[in-house]
Structures are given as structure tokens and as C-alpha cells.
Undergrad: 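Structure below; questions to follow.
What you see is a predicted model, and the numbers here were worked out from it, not measured in a lab.
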Amino acid sequence: MQFSYLLLYATILFASQCVCNVNDENDDNGTKNPIPSQLTVTSWNDMPYSAIEKRNGKWIGKGYAFDIFNSICFKLNITYTIIPPNEHILGDEKNGILGALYQKKADIAVAFLPILLDMRRYCEFSTSLDETRITAIMKRPQISATGSGLLAPFEGTVWLLVLASLLCIGPTIYIFAKISSKLWNDSTSNHFTLSSCFWFAYSSFLKQGSSIVATTNSIRILFATWWIFILILTSFYTANLTAFLTKPQFTLAISSLHDIVYMGYNWVTFKGRAIEFLLSQDHENDLSLLNVSRHRRKGIFKQYDQSENILNHVGPRRLFLAEAHYLQTVLFQNYINNTRSHLDHNLRCGYVIMPEAILITNRAFAFPHGSPLTKHINAMLLRFVQTGIIQQRKWL
């Protein structure tokens with residue numbers, strides 16, 4: 001681990017030196033604005049990427065974003081003070097991180113902020129640092145390969161129709177046999193009793209033989225129709241049961257934003273983050289469909305609280321929408337806690353993340369419009385991205 005940190009630090013110094021050499025050349029040509037030696041920084045709580053807390057009367061930043069920014073400040077000989085936003089939200093021209101940048105109370109927002117088109121009227125972004133996916137966490141389906149496995153290949157409606165056909169085919173054969181015996185005076189049809197017809201239908205359903213024999217063409221057609229029906233039914237059942245027992249994972253009830261809205265799911269998300277920001281816009285965007293369920297009062301916005309267990313808000317018909325990295329961290333911690341509590345293995349992971357994302361966007365630092373820092377910080381961040389330093393820092 002120490003070697004990894006030394007390697008990371010050496011790479012940062014090398015990358016920074018390359019950038020500074022380029023910047024020095026620009027200084028000689030007089031094409032570059034001077035770098036302020038004292039900066040005002042804002043951020044928000046979004047661990048493990050960024051967080052601010054007060055220690056001994058002074059605001060301290062931590063997380064991946066501040067690790068990167070501290071390296072930049074060290075190389076550029078910059079010091080900074082942190083001012084918290086009035087709310088830990090994206091906000092607008094008056095509130096949140098965007099408000100601090102728009103009013104130029106802060107020189108830079110050191111946080112992995114989503115790059116959204118509507119945010120550009122409040123600030124400008126640095127080089128893209130990484131990509132984030134917003135998805136949903138839900139209760140794991142209780143379906144398993146045991147117990148309900150034998151009934152799983154068909155839905156309840158199909159089983160009811162199969163039962164109805166089984167109850168109807170016996171009386172149908174019996175009625176046709178009686179009509180045939182009266183029309184043709186066939187005494188051999190007397191052995192077609194109602195119980196024997198029921199037994200024929202049931203035994204054929206189980207692919208077994210029967211004691212009755214068809215004597216007329218109409219009876220033969222009914223027999224053949226029922227046998228073909230049973231052949232097709234059992235073939236489909238066998239194939240679906242095999243697929244159910246051998247497939248690697250169960251199909252989730254929802255897999256897209258459309259499913260969340262039109263299947264009537266309730267959802268919860270953090271207040272002031274990317275989802276609420278996009279839903280508050282007047283024009284259509286990638287998440288506008290969520291406004292349909294929001295207007296039906298199926299959406300709830302909660303204040304971000306790192307200590308709160310968001311799994312308490314997840315139920316059979318309720319989802320929690322957030323960034324995938326955050327949900328994965330919550331799931332992992334929940335699994336560890338359940339393992340330490342010695343729960344049964346099938347109860348340790350009671351939640352699952354929707355595999356598809358409802359929104360994919362890049363993330364970056366942000367600056368006020370016209371900031372002289374943009375060019376300098378971007379040069380450093382671009383080299384960090386190209387050399388893989390940012391990705392490496394997230395792996396440590």
C-alpha cells in the first residue's frame with residue numbers, strides 16, 4: 001500500500017511538472033493570466049468523492065476530490081479556504097453550490113459534480129473527470145429455484161385456463177359420445193361414462209394410457225385435439241422449467257425508467273441532487289418521464305444524510321434512486337452487517353440494483369463564469385485524467 005502511494009505521488013509530480021513547464025512557456029509569451037495565491041473553495045458532502053467538516057473552528061475537505069485538488073495546490077503554490085454552501089444541494093443562482101459559484105463567492109467547487117446542460121448558465125465545468133450512472137435499488141425478488149419453481153414457468157392465468165380445459169374436455173367427450181350413440185344406434189358407446197371420460201382427460205394430461213377407445217370420427221377428432229394440446233403444453237412447460245432452473249439470475253420486474261413510471265412504483269431520492277435538478281426544469285430532458293409519477297405523488301425527496309440507512313426507505317413497491325457507486329457501497333455495507341449478524345446466506349443480500357441506468361453523465365469540478373483559474377486547473381486535471389491518476393486514486 002505504501003508503494004502504491006509513493007508511485008501515485010511520483011506520477012502526480014511528473015504530470016504536474018509537465019503541465020507547469022507548458023504554463024511557464026505561456027507565461028514567457030504573456031498569454032496567461034496569473035494564478036491567484038489564495039482561493040475560496042466550496043464543496044458538498046458526497047463521500048467518498050468529497051465532504052467538508054469543521055475541525056477546531058476551521059472547515060476541512062476530504063475525499064477523492066480534495067486529494068486531487070491538494071496535489072494541484074501544492075504544485076501551483078496555492079492556499080485555499082473552504083466556505084460551505086448554504087445547502088448541500090446543486091441549487092440555483094441563489095442557493096447551493098451553483099449559487100456560490102454564480103455569485104462568485106467561491107473560486108472553484110471541488111467536488112465531482114454532474115455535467116448537466118442546464119447547469120452551464122450558472123457555472124462552467126473543468127475537464128471531465130469520470131462518468132457516473134444513476135440507477136435504482138430495490139427489494140430482491142423472493143422467487144427462488146425451490147418452492148415456487150414448479151409453478152414458475154406459467155403465470156396464474158395460464159394454470160387456471162389449463163384447469164378449466166381439463167374440467168371441460170371430459171364432459172365434452174361424454175356429450176359427443178352420447179349424441180353419436182343415439183344418432184347411429186351404436187351400442188359400443190355405452191362404455192363412455194362421465195367418470196371414464198374424466199379419467200381419460202386426466203391420464204392423458206399425465207401422458208398415461210386409458211381403457212376407453214374412440215369408435216367414431218368425432219370422438220377420434222376430440223381425442224387427437226386433446227393429445228396435441230397436451231403435447232404442446234408439456235413441451236412448453238418442460239422448456240420453460242429447464243430455463244428457469246438453469247438461468248444464472250432472475251429477471252427483475254423493472255429494467256428502465258419507463259417501467260418505474262408506468263408500473264406504478266414509488267421512489268425516493270436525495271433532495272437537491274441531479275434528479276431533482278433535472279425534474280425542476282421547464283423543458284424535457286432525460287428524466288422528464290419521472291414527473292409523471294411525481295405528479296401522482298409517488299416521488300419523495302429526502303435531505304442527504306450520510307449516516308441514514310437509505311434501505312429503510314426501500315420496499316417491495318418502493319425504490320431508491322441515486323448514483324450507482326453510492327448504492328453499491330450501501331449494499332456492500334448491508335451485506336457485511338448481515339454476515340456479522342450470522343443471518344442465513346439467502347437473507348444476507350435482500351436488495352438488488354437495477355442493472356440499467358436511468359441517467360449517465362460525466363462529472364467535473366466547476367468554476368464561476370470567466371474564472372482565470374479554469375485554464376490552469378484544467379491543464380492539470382487533463383494530465384491527471386490522461387495518466388490515469390484519478391482512476392488510480394479511486395482504487396486505493
Undergrad: Would you confirm whether Asn334, through its side chain, and Val330, through its main-chain N or O, come within 3.5 Å as a donor-acceptor pair?
TA: no
Undergrad: Kindly determine whether Asp46 and Tyr64 satisfy side chain to side chain donor-acceptor pair (under 3.5 Å), including the steps that lead there.
TA: CA-CA 10 Å; Asp46 185 29; Tyr64 304 146; over 6 Å; no
Undergrad: With a 3.5 Å distance limit and no angle check, can you tell me whether Thr269 reaches the backbone of Leu321 through a side-chain donor-acceptor pair?
TA: yes
Undergrad: Phe69 vs Phe66 aromatic rings, parallel, tilted or perpendicular, using cut-offs 30° and 60°?
TA: perpendicular
Undergrad: Minimum heavy-atom separation for Ile97 to Pro85, with atom names?
TA: N-CB, 4.0 Å
Undergrad: Checking the side chain of Asn291 only, and the main-chain atoms of Arg294 only, is there a donor and an acceptor separated by less than 3.5 Å?
TA: no
Undergrad: Taking Ser50 for its side chain and Trp44 for its backbone only, find out whether a donor-acceptor pair lies under 3.5 Å.
TA: yes
Undergrad: Assess the residue pair Val110 and Phe365 against the criterion (side-chain contact (heavy atoms from CB on, under 4.5 Å)); give the C-alpha distance rounded to whole Å, side-chain angles, the decisive distance to 0.1 Å, and a yes or no.
TA: CA-CA 6 Å; Val110 180; Phe365 291 175; 4.0 Å; yes
Undergrad: Any sub-3.5 Å donor-acceptor pair from Asn378's side-chain atoms to Thr127's backbone N or O?
TA: yes
Undergrad: Hey, does the side chain of His369 reach the backbone of Arg120 with a donor-acceptor pair shorter than 3.5 angstrom?
TA: yes
Undergrad: Could you check whether Arg317 makes a cation-pi contact with Tyr265, meaning its NZ or CZ is under 6.0 Å from the centre of the six-membered ring and within 45° of the ring axis?
TA: yes
Undergrad: If only atom types and distance count, is the side chain of Arg273 paired as donor or acceptor with the main-chain N or O of Ala322 below 3.5 Å?
TA: no
Undergrad: Look at atom CZ of Arg348 and say whether more than 12 heavy atoms of other residues, nucleotides or ligands are closer to it than 6.0 Å.
TA: yes
Undergrad: Answer yes or no: is there a donor N or O on one side and an acceptor on the other, between the side chain of Ser280 and the main chain of Phe277, under 3.5 Å?
TA: yes
Undergrad: Between Asn285 and Leu278 (side chain of the first, backbone of the second, donor and acceptor by atom type, cut-off under 3.5 Å), is there such a pair?
TA: yes
Undergrad: With distance as the sole test, does Glu276 use its side chain to make a donor-acceptor pair with the main-chain N or O of Gly272 at under 3.5 Å?
TA: yes
Undergrad: Could you tell me how the ring of Phe200 sits relative to the ring of Phe223: parallel (under 30°), tilted (30 to 60°) or perpendicular (over 60°)?
TA: parallel
Undergrad: Does the ring center of Phe205 lie less than 6.0 Å from the ring center of Trp227?
TA: no
Undergrad: Tell me if the CG atom of Asn312 is crowded by more than 12 foreign heavy atoms within 6.0 Å.
TA: yes
